[in-house]
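Within every chain, numbering begins at 1; the chains are lettered A, B, ... in the order of the sequence lines, protein sequences first and strands thereafter.
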Number of protein chains: 2
Amino acid sequence: MTADQSHRRRVSLADVAREAGVSTSAASFALNGRTGVSEPVRERVKAAAEALGYVPWNSAVALRTGRSGAVALLIRNLRNPFFLDVINGFDATCATAGLAVIIGSADYSSDRERELVSTFIAREADGLALAPIGGGDAAARWQKSTGKPLVLINAANHSPQLDVSRAHVDSESAVRQAVDHLRELGHRRIAIVAAPHDRSADDERVDTFRAEMTRHRLEGRVVETAMQHDRAAEVVGAVMREDPATRPTAYITNSDYIASALYFAAAGAGVRVGEDISIVGHDDLSTSRLLAPALSTVAVDRFEIGVAAATLLIQELDGGERDTVVIPATLVPRGSSATAVN
Amino acid sequence: MTADQSHRRRVSLADVAREAGVSTSAASFALNGRTGVSEPVRERVKAAAEALGYVPWNSAVALRTGRSGAVALLIRNLRNPFFLDVINGFDATCATAGLAVIIGSADYSSDRERELVSTFIAREADGLALAPIGGGDAAARWQKSTGKPLVLINAANHSPQLDVSRAHVDSESAVRQAVDHLRELGHRRIAIVAAPHDRSADDERVDTFRAEMTRHRLEGRVVETAMQHDRAAEVVGAVMREDPATRPTAYITNSDYIASALYFAAAGAGVRVGEDISIVGHDDLSTSRLLAPALSTVAVDRFEIGVAAATLLIQELDGGERDTVVIPATLVPRGSSATAVN
DNA sequence: ATGAAAGCGCTAACAG
DNA sequence: CTGTTAGCGCTTTCAT
């Protein structure tokens with residue numbers, strides 16, 4: 001209606017108020033569904049807002065209220081397809097709650113992780129969901145400097161002193177299922193491929209592995225390697241080339257992503273997966289069953305992890321309790337694990 | 001130093017200015033690297049900011065300058081691992097430029113795409129990188145209502161009337177290479193699996209396919225299906241069950257993601273990939289070479305697409321020109337494509 | 001139930 | 001070269 005609406009000037013709350021013939025405060029109350037404004041006025045304001053195509057100016061709200069309406073998702077390694085579905089679930093859940101998602105990948109660098117936390121703090125993210133690198137202090141820094149909600153993803157033992165919400169796979173069960181499976185196939189020398197102790201966010205996997213090995217009097221070996229695809233292939237490849245009489249006959253990995261690196265390693269070392277060696281992955285990516293041989297793995301609902309993380313974050317934002325959600329894991333035996341040959 | 005610094009009150013520019021003994025405007029100028037402030041003052045301000053751990057309050061800057069310092073990335077389907085690396089490249093490039101990335105997935109829903117654009121507008125994203133669904137008006141709406149920079153990802157023919165930056169694969173070359181490859185293997189009945197015409201963001205693939213089929217007097221067939229994994233498997237599965245004498249002997253897909261759905265379809269239909277039928281994918285995901293049989297595909301640098309999109313966006317944000325970056329495609333023949341059987 | 005006014009933290013005129 | 005000041009659009013207290 002007004003002439004100044006002409007040239008891509010955003011309509012402000014003041015415009016809406018003017019159009020409705022009320023004060024800005026009345027308009028604000030009306031639009032935010034607060035009491036203290038009569039029904040006719042509320043209707044009039046809503047109509048005006050609609051007519052003018054009013055959209056609240058986010059940074060003004062954020063400046064005033066201290067809430068940005070955005071939450072951050074910080075992933076340790078965005079190259080692993082595992083996190084795709086986690087992002088999806090997280091994103092979908094946040095969208096429903098009207099929250100925007102700011103994303104970042106640490107690429108397994110503590111420096112990058114630290115930087116990103118600073119960025120998210122500066123952007124006043126209302127909450128942080130963090131799949132941390134082992135050993136990082138990102139979680140602690142976030143809590144200390146913001147006091148805002150925090151959810152740790154797949155990091156059951158990370159920062160145990162921190163009282164935070166957590167969403168993670170039941171990895172003890174996952175490891176136990178993998179070990180039992182291989183044990184029943186007759187494997188006695190089993191390796192677990194894991195990030196170096198001080199980089200690992202899921203130490204409990206290795207701990208469980210060690211305990212199981214001891215319990216069943218098996219020869220357990222922890223192969224530590226960086227979680228980059230090619231690096232892992234290299235390191236494990238060397239193990240695969242060791243003396244056949246003493247090298248592991250089976251490998252357990254943290255992810256199908258890394259398991260696929262082991263396929264490369266095996267090819268390079270001239271050992272056949274599902275024959276000379278067995279491999280059990282973790283995640284059950286959709287391509288895993290298409291590998292040659294199909295990858296035995298531990299299935300988890302990745303989307304659900306994202307949903308859980310977002311839900312916990314939102315819950316805490318709404319003043320609710322901190323909580324921990326454990327996502328179940330189910331072994332899916334396929335061709336990559338077979339009877340031990342020696 | 002000051003007593004009120006005690007209880008998680010954020011340090012503001014005023015605090016820094018006070019600490020340095022200058023005005024806030026001087027502090028602002030100093031920190032933002034503007035001229036009009038003496039070197040000693042600049043040093044003093046920087047030191048004070050450092051000492052106090054000052055971080056600029058983003059929403060205040062945004063409110064004042066109209067720039068949020070965040071760009072949005074809107075992906076049509078975040079389930080396709082293709083986009084993981086795109087996100088990575090985009091994210092990494094934006095991080096370098098000090099830009100935050102807000103992400104969203106349309107999940108092949110125009111409504112969702114529209115909503116997300118509204119969200120990004122409301123959040124005052126400084127720019128938008130969009131891998132659009134075919135037929136959507138998200139790009140146009142963004143441009144019309146914000147006038148801010150826009151980059152279209154993998155949508156060479158989308159919204160041709162829009163003067164925008166674009167980053168996409170050379171898909172004409174990609175299709176041509178795939179067709180030539182299959183042609184040389186003796187295939188004469190070739191299908192391309194694509195999204196329905198009005199949903200497709202990369203029509204030029206189908207157009208090129210049709211042209212090549214005509215040119216070489218081959219029997220081309222366009223199998224239209226939704227780009228959901230299971231849906232595609234279903235639709236193509238039906239084609240694979242048709243009369244062997246007339247059904248296609250080779251399939252070209254838009255993505256390795258969908259190609260893997262064809263593996264499922266083939267298994268269900270009782271036809272052997274790389275024997276009864278040939279498949280050529282597109283993207284060269286890292287798992288593609290591990291499939292059984294290894295997937296013939298067209299390799300593209302996905303990370304680079306993300307980098308290009310971000311670079312174009314940043315370039316335009318800095319007042320630079322609009323531009324188009326075409327990422328090359330290279331055929332990688334593997335086991336899934338073999339000599340035609342009939 | 002309503003409006004006037006203060007002010008979130010910052011930048012950019014403007015005045016000195 | 002430096003400091004004072006006026007808002008950006010919104011929410012929220014405080015009068016009315």
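Looking only at atom types and distance, the side chain of D202(A) has a donor-acceptor partner in the side chain of S200(A) under 3.5 Å away. Between R79(B) and S105(B), the side chains place no donor N or O within less than 3.5 Å of an acceptor N or O (distance only, hydrogens not considered).
In this structure, R67(B) atom CZ and dG9(C) atom P are separated by 24 Å, rounded to whole Å. One can place CH2 of W57(A) at 17 Å from C1' of dT11(D), the figure rounded to the nearest angstrom. If you measure from atom CZ of R44(B) to atom C1' of dT2(D), you get 11 Å, rounded to the nearest angstrom. Rounded to a whole Å, the CZ atom of R18(B) is 13 Å from the P atom of dT4(D).
Between dT2(C), dG9(C), dT11(C), one nucleotide has an atom nearer to the side chain of V37(A) than all others, and that is dT2(C). In this structure, the nucleotide among dG9(C), dC10(D), dG3(D) sitting nearest to the side chain of L63(A) is dG9(C). The side chain of R64(A) has dG9(D) as its nearest neighbour among dT2(D), dG9(D), dA6(D).
Atom CG of N58(B) is separated from atom CZ of R67(B) by 12.5 Å, given to the nearest 0.5 angstrom. Rounded to the nearest 0.5 Å, atoms CD (E113(A)) and CZ (R141(A)) are 9.5 Å apart. S110(A) contributes atom OG, which lies 3.5 Å from atom CZ of R199(A) (distance to the nearest 0.5 angstrom). Between the CG atom in D301(A) and the CG atom in D85(A) there is a gap of 8.5 Å [rounded to 0.5 Å]. The distance from atom CZ of R166(B) to atom CD1 of I153(B), rounded to the nearest 0.5 Å, is 12.0 Å. Atom CD1 of I102(B) and atom CD1 of I103(A) lie 12.0 Å apart (nearest 0.5 Å).
Note that the two end axes of the helix from dA1(C)-dT16(D) to dG16(C)-dC1(D) enclose an angle of 50°, each drawn from 5 base pairs, rounded to 10 degrees.
Annotation: proximity of residues 25-36 of chain B to DNA chain C (heavy atom, distance under 4.0 Å) is found for S25(B), S28(B), F29(B), N32(B), R34(B), numbered in ascending order. Contact check of residues 114-127 of chain A against DNA chain D (heavy atom, cut-off under 4.0 Å) returns no residues at all.
Residue S23(B) places at least one side-chain N or O under 4.0 Å from the OP1 or OP2 atom of dG3(D).
Other residues, nucleotides and ligands place no more than 12 heavy atoms under 6.0 Å from the CD atom of E321(B).
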Worksheet item: Where do K46(B) and E43(B) land on the salt bridge (Lys or Arg N to Asp or Glu O under 4.0 Å) test, with the steps shown first?
Response: CA-CA 5 Å; K46(B) 279 187 171 170; E43(B) 286 314 314; 5.1 Å; no

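Here the side chain of E19(A) pairs no donor or acceptor atom with the backbone of L52(A) at under 3.5 angstrom.
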